[in-house]
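Only one structure is covered here, and it is reproduced in the block below.
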Amino acid sequence: MNTSIDFVLLDADYEIYVRDGIKKPLLRLWGRSNSKRVEIRVSGFLPYFYAEASEEKIRKILNKRGEQTKDWLIETFRCKKRTFFGGSSRIVTQLIGNIPFLVPEIKQLLQQAGIEVHEADIPFTRRFLIDRNVRALHPVTVIGTIIKQENDILIAEAPFKNISQKTEASSDYQPLLLAFDIEVDHKQGETIHELLLVKKRRITAISMAWGTVETENPDSKVIILENDSDIAENALLIKFLETVKQTKPDVLLSFNGTFFDIPYLIARLSRYGKSLGELALFTGLQKDIIKSKIPVESYKLKGRAVIDLLPKTWGIHPISGQKTLDSVSEEVLGESKVKLEKSIGELWRAGVLGSKEDAQLFREYSLKDAILTFKLASELGVSNSIELCRLTGYPIPEGILSTSRNIGELELMRILHSKDIFIPSKPSPTELKARKEFSRKYPHLGGWVIDPSVDEATFVGIFDFRSLYPNIVRTHNISGETLIANSEGYPPEQRFLKEPRGALAILMDRILEQRYQTQEILTKIKENRAQDPQKQTDLLEKRQISLKLMANSLLGASNYPRGRFYHHIIANSITAIARELLSEKLENWTNEYSERHPYDVLLRYGDTDSIFVEFILPNLSLTDFQQELPLKARTRKEKQLLVAINDYRSFLAQKLPEFLELQLEDITSRIILKKGRKKAYAYVSLLTNNIIIRGFEAVRSDWSPLARKAQRELLEALLTDLSDERREHARRVIFNISRAILRNPVSQLVKELTIRGPLRRSPAKYRSKTPAVGAFLHYCEQKNLDPELEWKKWDGFPYIIAKGSSNESQYLRAYHPDVFQQNKKEIDRLHYVREILGASKRFGININETEAQQGALIIPLTVFLK
DNA sequence: ACGAGTAAGGA
DNA sequence: TCCTTACT
């Protein structure tokens, strides 16, 4: 009997079954309905692809080969399709077969016979999602027969045509995340490496914390090993498996689980005849090693996503220089692990032997690890990834391991399918080589950066284009099938048909309209100060960021040689149109505007999608803008500036084509630039009163903290000081800091002069050694460590430059702060002073070394360290 | 491997 | 000059 079943789709896979001696694929959809686990066995959906040849010819080729390929072909259809790039029509044969994993082999046979094939590289389950337009994390309706129904499980079977997306409305299902962490009975001094080698120490505790991305205080549980026996450890592991099964998480989170917690758990479980595979919702545990140039190992459990947060800490650089749960939490959440006096093993033993205090501390310590891991997930982008998966309907277990480009491509594939356009194939090794060769010969040109024409400007409006590249695609109908043949010599705007609307442009329309709509709702919520706005805005904020990410990664795809949507003309056209806009059009329009008005308006700087425009208004002086901020049209002078800026913007709005919109990003009364230096500027915002510094040494992590502070102070003085003596004041700042470096004791300076540099490979592989590498080698020597093993543990290796003979390379004089102090080294003070003097010189503050060394006053360093 | 463009210091 | 890093 047929029943209608609604559920939220989470994952899919397939298996092969044999009926009447014939092998067939059985697709399995896995999802959730309320708290019930749902498994739908889908029949009748078969793998297929297209070939540009007649059925007879194809059959002839397949029949010549082995049994498997001969029997593969089930049915064929003649149909008319269009290619994506160029949009040419093709009459093709659709080949429908039985076993999905034979497709590559069949494809190869046809290709070897010189037949062109299409859509032969789309994974079977993805094919289903596209064809039925079914989306993961969205509600799906099935008309099927129930095979099994229990408390928490429902299994049904249905023909594939009975499965459809329930509504167009997006789902609000929030996946359940469970973070876990194990403690191991290890002795002081025993390294993790040694622990993993033998895996013979017992697991003393497993902690878990669970909730959705919206949960602030997750539920949690700590399971503790009761005594030092196999029986107790077995019981602990059983409790862990049971808890996970009962909690039914969609996502399992760990911090460095791939290299520690998971292999350790697997080893201990197997000792008692158990397997982590029990946690899979389908077949047993699969350890899939995804092969890429840098091998990324990851564990997969069918039906659940397994996420290690460590690789997602990209871009986070803890002060300690090492990425641990503790240091990353401290950096990202401002929270640390529970601090211990004893080793974790001793603490557990003391607890087991009856110390209530130690038992309690051990529990807290373990719990905190799971809670921190849980909290980190959202901060490290897991919730954004989930939102992106939801937008395109990509299953989380795969989506979480994919790039945003991959996920975005699914949406484009859906549109192409609906328009009967072939989804382009991924490049063959030969094609990839050709693409790379081509881009080496003719490199892709990106954004345009205007060379700053002045060192300083006053009254500057900073504008930027809203989603420039995606909007260029919309304006000029840029897409594969709208690309005009042999149009490479045309101006970039004329390389694409004006109509009909192209697939990429349609997708950009959808994404941007959705994003603008989301942003509008966000502004309204913030304006109305609705009750409990945080929860609403959090989700919407993630959605709008995901939409932006999706739009950008789709454009990135046109310039990604390994991807199926790579096309150098498309990629180049988009950036060429943007360059022309910035380098010619805006310059001309600004000049035109300036000529029409009694005051001068000058384009001073711009980068890719932004412009910095100076307004030279009569009778306007810096002292007119001493009012309370943010800038409002209070005084006559303020009005004068705002009116001019708005007028300029409306003038440009008339000139700009549809979809291109210039928005006011900021206003400043004074900006510091550097002639000939792109991507660096500093200004005080009249809208927020913040000091904005970009690109200069003050924001570069390869400069010492003190040198950065010195330049920041200098820039602040030059920007905010309205007196005639501002240069003199700035000069004084630099003098004082230089003297502080020269006169203060080493102990006070060490922290402020420590720089962290990366160790990207083994020290032996560095062709020229950086100071960080030098410091690292000294460190290993001192501590008797093997550099080959040790370097991987470091994110940024801290170093200080010690005094030595002047021709001695920096990398020979670089030391880890501890090594530095233990060996009572002396700081190369002059080196650090020179660094600061050099950075000051860029802004016309000239102090020479001798001058800097004069003066007797010892200034305590704390004066500068606000 | 997300991309290009840019600057700058050290070997 | 090349190598390496970091920022927009």
Side-chain angles (χ1 to χ4, degrees), chain A residues 290-296 311 314-315 317 401-409 432 436 439-440 442-452 462 464 469 549-563 565-566 568 570-572 574-576 578-579 582-583 605-610 612 665 673-682 692-704 707-708 711 755-761 763 765-774 795-797 799 801 806-814 831-832 834-835 838-839 841-842:
Chain A
I290 298 164
K291 289 213 172 122
S292 62
K293 271 194 180 172
I294 290 176
V296 179
W314 187 89
H317 303 291
L401 299 168
S402 311
T403 58
S404 49
R405 173 187 54 77
N406 238 310
I407 302 172
E409 279 179 3
L432 180 63
K436 288 195 164 167
S439 68
R440 200 183 55 80
Y442 309 98
H444 173 70
L445 299 176
W448 182 262
V449 189
I450 298 172
D451 206 338
I462 298 161
D464 60 14
Y469 287 174
L549 202 61
M550 194 169 141
N552 287 339
S553 47
L554 270 165
L555 299 181
S558 67
N559 193 34
Y560 175 63
R562 290 172 181 278
F565 290 103
Y566 172 88
H568 76 275
I570 294 181
N572 269 316
I574 298 167
T575 49
R579 280 196 302 277
L582 219 68
S583 66
Y605 178 64
D607 182 352
T608 311
D609 62 353
S610 67
F612 293 55
E665 165 77 20
L673 298 145
K674 183 86 191 78
K675 258 185 245 153
R677 180 158 178 185
K678 294 164 177 172
K679 294 184 185 283
Y681 54 84
I692 312 286
I693 302 176
R694 303 258 185 260
F696 285 130
E697 290 77 4
V699 296
R700 289 185 62 99
S701 60
D702 50 0
W703 281 57
S704 73
R708 300 205 305 257
Q711 200 191 49
I755 301 171
R756 282 182 302 278
L759 303 170
R760 291 228 155 84
R761 46 188 171 277
K765 287 190 177 155
Y766 270 86
R767 297 219 258 164
S768 74
K769 294 197 176 7
T770 63
V773 173
D795 167 55
F797 196 85
Y799 67 88
I801 306 295
S806 57
N807 58 0
E808 216 176 343
S809 296
Q810 264 196 29
Y811 87 88
L812 294 171
R813 294 187 281 128
H831 161 79
Y832 288 98
R834 277 194 210 109
E835 195 182 30
K841 213 174 160 185
R842 302 195 193 351

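Chain naming here is simple, since letters A, B, ... match the order of the sequence lines and numbering starts at 1 in each.
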Next item on the list: Respond yes when some side-chain nitrogen or oxygen of A:Y766 is under 4.0 Å from OP1 or OP2 of C:dT5, and no when none is.
Entry: yes
Check: Within the structure shown, what part of the strands sits under 4.0 Å from A:G676 by heavy-atom distance: base, sugar-phosphate, or nothing?
Finding: sugar-phosphate
Checklist line | N or O in side chain of A:Y560 less than 4.0 angstrom from B:dA1 OP1/OP2 | finding: yes
Note to self: If you only use heavy atoms from C-beta on, which nucleotide in B:dA8, B:dA1, C:dT8 is closest to the side chain of A:R842?
What the structure shows: B:dA8
Notebook entry, point to check: Excluding sequence neighbours, so at least two apart, what forms side-chain contact (heavy atoms from CB on, under 4.5 Å) with A:L445?
Noted result: A:R579
Note to self: Rounding to an integer number of Å, can you tell me how far A:L549 CG sits from B:dG3 C1'?
What the structure shows: 13 Å
Checklist line | Sugar-phosphate, base or nothing in reach of A:G695, heavy atoms under 4.0 Å | finding: sugar-phosphate
Check: Using atom C1' of each nucleotide, how far apart are B:dG3 and C:dA6 to the nearest Å?
Finding: 16 Å
Next item on the list: Can you measure from OH (A:Y811) to CD1 (A:I801) and round to the nearest 0.5 angstrom?
Entry: 12.5 Å
Check: Can you check the A:I407 CD1 to B:dC2 C1' distance for me, whole Å?
Finding: 14 Å
Check: Taking only residues two or more places apart in sequence or in another chain, which ones pass ring pair (Phe, Tyr, Trp, His ring centres under 6.0 Å) with A:F696?
Finding: A:F843
Notebook entry, point to check: Within the structure, does a side-chain N or O atom of A:R760 lie under 4.0 Å from either OP1 or OP2 of C:dT4?
Noted result: no
Next item on the list: Decide, yes or no, whether a salt bridge links A:K678 with A:D607 under the criterion of side-chain N to carboxylate O below 4.0 Å.
Entry: no
Check: Just how far, in rounded Å, is P of B:dC2 from CG of A:N552?
Finding: 14 Å
Note to self: Taking any heavy-atom pair under 4.0 Å as a contact, classify A:L445: base, sugar-phosphate, or nothing.
What the structure shows: sugar-phosphate
Check: Is the closest basic N to carboxylate O distance between A:E697 and A:K674 below 4.0 Å?
Finding: no
Note to self: From CH2 of A:W314 over to C1' of C:dA6, roughly how many Å is that when rounded to an integer?
What the structure shows: 11 Å
Notebook entry, point to check: Looking only at side-chain N and O atoms, does A:S701 come under 4.0 Å of OP1 or OP2 in C:dC7?
Noted result: yes
Check: So does A:W703 have more than 12 non-hydrogen atoms from other groups sitting under 6.0 Å from CH2?
Finding: yes
Margin query: From the set C:dA6, B:dT6, B:dA1, return the single nucleotide nearest to any side-chain atom of A:K678.
Written below: B:dT6
Check: Under 4.0 Å between a side-chain N or O of A:R761 and OP1 or OP2 of C:dT4?
Finding: yes
Check: Do the side-chain N or O atoms of A:R677 get closer than 4.0 angstrom to the phosphate oxygens (OP1, OP2) of B:dA8?
Finding: yes
Next item on the list: Scan A:H831 against the nucleic acid and name what it touches under 4.0 Å (heavy atoms): base, sugar-phosphate only, or nothing.
Entry: sugar-phosphate
Next item on the list: Just call it for A:R700: base, sugar-phosphate, or nothing, with non-hydrogen atoms closer than 4.0 Å on any strand.
Entry: base
Margin query: Heavy atoms only, 4.0 Å cut-off, all strands: where does A:P758 land among base, sugar-phosphate and nothing?
Written below: sugar-phosphate
Notebook entry, point to check: Contact class for A:R834 (heavy atom, under 4.0 Å): base, sugar-phosphate, or nothing?
Noted result: nothing
Margin query: Could you tell me how far C:dC7 sits from B:dC2 if I compare only their C1' atoms? Round to whole Å.
Written below: 16 Å
Item checked: Heavy-atom donor-acceptor pair, A:K679 side-chain to B:dT6 base, under 3.5 Å -> no
